Colleague: 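Below you'll find the structure I mean.
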Number of protein chains: 2
Amino acid sequence: MRWQDIDQQPCSLARTLAIIGDNWTLLVLRDCFMGVRRFDDFQQRLGVTRHVLSDRLRKLTEGGVLDKVAYQERPLRHEYRLTAMGKELYPVIVHLAQWGDKHLAGEHGAPLTRYHRQCGEPLEAQLQCSHCGDVVKPTDIRVEENPYWKGQILVNC
Amino acid sequence: MRWQDIDQQPCSLARTLAIIGDNWTLLVLRDCFMGVRRFDDFQQRLGVTRHVLSDRLRKLTEGGVLDKVAYQERPLRHEYRLTAMGKELYPVIVHLAQWGDKHLAGEHGAPLTRYHRQCGEPLEAQLQCSHCGDVVKPTDIRVEENPYWKGQILVNC
DNA sequence: AACTGTTGGTTCCTATTTGGAACTTATAGT
DNA sequence: ACTATAAGTTCCAAATAGGAACCAACAGTT
């Protein structure tokens, strides 16, 4: 199976990764959350080649994660902004960065520290259930298959 | 810059993605969290080619996310298990899948539903600050640069 | 003893994608 | 007329992926 057909699978994770799971794409999103909006700024900060960046921005736009809007008319210039849907990916970025802070920091420590404005402490984010407010651990989650795909997803588990 | 050199950047997200940011790798991890441990099971469930799978499992093992352990001696056979470090990636998987459930589900609904055992409700996970217990929104986070890389990370923001 | 199956890969070849650099278009400023 | 800016596109060589076949080391069956 080709990676480009991965969005055909009955799996929300696979469909999500079809949009944002490419190499470079999550780094593009990192920069979006830092306020970067323009092509050349992305290109210089990431060091990615221009046509790969062009392709990733197009996929993110088609996927509804970014919005391509004109910021001037003559000459016509566009910039890329996170949509509401895109902003909902923030927890993913935070957890990925936090994991790197904890496990991959070198001798100089983590490059960035995130602080929680409300309490002023360095942020240690964790999963919380929005219904009961409890912290959620992997073993606290029970998975149920949609009857439509019965037996196709949880095979071999 | 080549993708394979991305781990040299002073960015925890980039370093994390150097290990798990490849195409297919997060789907391998999805299956790990579903209990899959063996090469052929990964291969059949993912549909990925065998040499790509071999490469990704090697990178995950070298990165400390998976542990390659022998489960029988004659003939020698290995399986791949999540390390403690690997298990800490669970929030990433949950948020990615949840985002797909919300935005990419087709007419038949989400393929899988995750329930929180403690309260029995379908899980809607959110970020929580472990210090004060508050829910964390993107705007609640203040970023501070490590003095060692002063001016190199937050440029253009 | 000879076949068949299982498991965890490796090898081979072709097709696609990436990295790097140069080029393009449309315009503003000097 | 020349230079600069912004957002790409085009070109080519090099790296990576997809697909299929092959391999090693055994176990079980005929």
Side-chain angles (χ1 to χ4, degrees), chain A residues 1-9 14 17-28 31-32 35-62 66-81 155-156, chain B residues 1-9 14 17-28 31-32 35-62 66-81 155-156:
Chain A
M1 171 182 281
R2 262 159 280 171
W3 175 255
Q4 59 183 54
D5 301 327
I6 203 69
D7 61 338
Q8 301 305 311
Q9 297 229 339
L17 294 177
I19 301 175
I20 65 161
D22 265 310
N23 298 5
W24 296 109
T25 300
L26 278 163
L27 289 181
V28 171
D31 280 1
C32 290
V36 178
R37 293 178 169 183
R38 297 193 183 174
F39 191 91
D40 280 19
D41 289 338
F42 285 114
Q43 204 270 317
Q44 282 173 45
R45 290 177 53 89
L46 295 171
V48 64
T49 57
R50 302 178 75 82
H51 62 325
V52 169
L53 176 60
S54 177
D55 175 76
R56 299 299 185 271
L57 289 171
R58 188 182 48 74
K59 279 184 188 163
L60 285 169
T61 305
E62 288 172 359
L66 297 182
D67 208 6
K68 184 178 181 176
V69 296
Y71 67 88
Q72 68 175 38
E73 288 300 325
R74 298 224 290 279
L76 185 59
R77 295 277 183 260
H78 296 97
E79 63 181 14
Y80 298 89
R81 295 183 195 174
V155 180
N156 290 333
Chain B
M1 173 183 279
R2 263 159 282 172
W3 175 256
Q4 58 183 55
D5 300 327
I6 203 67
D7 62 338
Q8 301 305 310
Q9 297 229 337
L17 294 177
I19 300 176
I20 64 162
D22 264 311
N23 297 6
W24 297 110
T25 301
L26 279 163
L27 289 181
V28 171
D31 280 3
C32 289
V36 178
R37 293 178 170 182
R38 297 191 183 175
F39 191 91
D40 280 19
D41 290 338
F42 285 114
Q43 203 272 318
Q44 282 173 45
R45 291 175 53 89
L46 294 171
V48 64
T49 57
R50 304 178 74 82
H51 62 323
V52 169
L53 176 60
S54 177
D55 176 75
R56 299 299 184 271
L57 288 171
R58 187 182 48 73
K59 279 184 187 162
L60 285 170
T61 304
E62 287 173 359
L66 297 182
D67 209 5
K68 184 178 181 176
V69 296
Y71 66 87
Q72 68 174 37
E73 288 300 326
R74 299 223 291 278
L76 186 59
R77 295 276 182 263
H78 296 96
E79 63 180 15
Y80 297 88
R81 295 185 196 173
V155 179
N156 292 333

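For clarity, every value in this text was computed on a predicted model and none was experimentally measured. Here is how names work: the chains are called A, B, and so on, in the same order as the sequence lines, proteins then strands, and each is numbered from 1.
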Colleague: Does a side-chain heavy-atom distance below 4.5 Å link A:Trp24 with A:Val52?
Modeller: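 A side-chain contact under 4.5 Å exists here.
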Colleague: Do B:Asp5 and B:Arg2 have side chains that approach each other closer than 4.5 Å (heavy atoms only, starting at C-beta)?
Modeller: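 Yes - at least one pair of side-chain heavy atoms lies under 4.5 Å apart.
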Colleague: Specify the separation, in whole Å, of atom CG of B:Asp22 and atom P of D:dA15.
Modeller: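 In whole Å, D:dA15 P lies 17 Å from B:Asp22 CG.
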Colleague: What's the CZ-C1' distance between A:Arg38 and D:dT5, to the nearest Å?
Modeller: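 After rounding, the gap between these two atoms is 11 Å.
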Colleague: Is there a side-chain contact between B:Leu76 and B:Glu73, using heavy atoms and a 4.5 Å cut-off?
Modeller: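 In contact.
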Colleague: Please work out which residues in residues 52-61 of chain A have a non-hydrogen atom less than 4.0 Å from an atom of DNA chain C and list them by number.
Modeller: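 Contacts with DNA chain C under 4.0 Å: A:Val52, A:Arg56.
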Colleague: B:Phe39 or A:Asn23: which one's nearest nucleotide on DNA chain C is closer to the 5' end?
Modeller: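 It is B:Phe39 whose nearest nucleotide is closer to the 5' end.
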Colleague: Go through DNA chain C in 5' to 3' direction and return only the first and the last nucleotide with some atom under 4.0 Å of chain B's heavy atoms.
Modeller: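 Here the contact window of chain B covers C:dT6 to C:dG20.
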Colleague: Round to the nearest Å and state the distance from A:Leu76 atom CG to D:dA7 atom P.
Modeller: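 In whole Å, D:dA7 P lies 10 Å from A:Leu76 CG.
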Colleague: Without decimals, in angstroms, what is the distance between A:Asp40 CG and D:dT9 C1'?
Modeller: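 Checked: the CG to C1' distance equals 14 Å.
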Colleague: Has B:Arg56 got its NZ or CZ under 6.0 Å from the middle of the six-membered ring of B:Phe42, at an angle within 45 degrees of the ring axis?
Modeller: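 No, B:Arg56 does not sit over the ring of B:Phe42.
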Colleague: For A:Ala18 and A:Ile6, which heavy atoms make the closest approach, and how far apart are they?
Modeller: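 Distance-wise, the nearest heavy atoms are CB-CG2, 3.7 Å.
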Colleague: Find out whether A:Val69 and A:His78 are in side-chain contact, i.e. whether some heavy atom of one side chain is under 4.5 Å from a heavy atom of the other.
Modeller: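 The answer is no; the side chains never approach within 4.5 Å.
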Colleague: Could you report the tightest heavy-atom contact between B:Leu46 and A:Met1, atom names first, then the distance?
Modeller: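 Answer, listing the atom of B:Leu46 first, then A:Met1: O-SD, 4.2 Å.
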Colleague: Is it the case that the base of D:dA7 and the side chain of A:Arg77 share a donor-acceptor contact (distance under 3.5 Å, atom types as modelled)?
Modeller: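 Donor-acceptor pair under 3.5 Å: no.
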Colleague: Write down the distance between OH (A:Tyr80) and C1' (D:dA7), rounded to a whole number of angstrom.
Modeller: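 Rounded to the whole Å, the gap is 8 Å.
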Colleague: Taking five pairs at each end of the helix from C:dA1-D:dT30 to C:dT30-D:dA1, what angle separates the two helix axes (nearest 10°)?
Modeller: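 What I find for the helix from C:dA1-D:dT30 to C:dT30-D:dA1 is an axis angle of 10°.
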Colleague: Is it true that, when you exclude B:Arg58 itself, more than 12 heavy atoms of the residues, nucleotides or ligands shown sit nearer than 6.0 Å to its CZ?
Modeller: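 For B:Arg58, atom CZ is crowded (more than 12 foreign heavy atoms under 6.0 Å).
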Colleague: Can you check whether B:Lys59 reaches B:Thr25 side chain to side chain, under 4.5 Å on heavy atoms?
Modeller: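 Not touching, per the 4.5 Å side-chain cut-off.
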Colleague: Answer yes or no on whether A:Arg77 is positioned over the face of A:Phe39, meaning its NZ or CZ is under 6.0 Å from the six-membered ring centre and within 45° of the axis.
Modeller: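 Not flagged: A:Arg77 not positioned over aromatic ring of A:Phe39.
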Colleague: By nearest heavy atom, map A:Tyr71 and A:His51 onto DNA chain D; which one lands nearer the 5' end?
Modeller: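 On the 5' side of the pair lies A:Tyr71.
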Colleague: When you check the phosphate oxygens OP1 and OP2 of D:dG18, does a side-chain N or O of B:Trp24 lie under 4.0 Å from one of them?
Modeller: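 Answer yes for this pair, as a side-chain N or O of B:Trp24 is under 4.0 Å from OP1 or OP2.
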Colleague: Which part of the nucleic acid, if any, lies within contact of B:Gln4, taking any heavy atom under 4.0 Å across all strands shown: a base, the sugar-phosphate backbone alone, or nothing?
Modeller: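 The residue B:Gln4 makes sugar-phosphate contact but no base contact.
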Colleague: Please report, rounded to the nearest Å, how far the P atom of D:dC26 is from the NE2 atom of B:His78.
Modeller: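 In whole Å, D:dC26 P and B:His78 NE2 are 13 Å from each other.
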Colleague: Of all heavy-atom pairs between A:Trp3 and B:Leu27, which one has the smallest distance, and what is that distance?
Modeller: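 In this case the closest contact between A:Trp3 and B:Leu27 is CZ3-CD1, 4.0 Å.
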Colleague: Taking atom C1' of D:dT5 as reference, at what distance in whole Å does atom CZ of A:Arg50 sit?
Modeller: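 A:Arg50 atom CZ is separated from D:dT5 atom C1' by 11 Å.
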Colleague: Figure out the CZ/C1' separation between A:Arg37 and D:dA7, and round it to whole Å.
Modeller: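 After rounding, the reported distance stands at 17 Å.
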Colleague: Applying the side-chain contact (heavy atoms from CB on, under 4.5 Å) criterion to B:Lys68, which one of B:Leu60, B:Leu57, B:Thr61 satisfies it?
Modeller: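 Among B:Leu60, B:Leu57, B:Thr61, the one that satisfies the side-chain contact (heavy atoms from CB on, under 4.5 Å) with B:Lys68 is B:Thr61.
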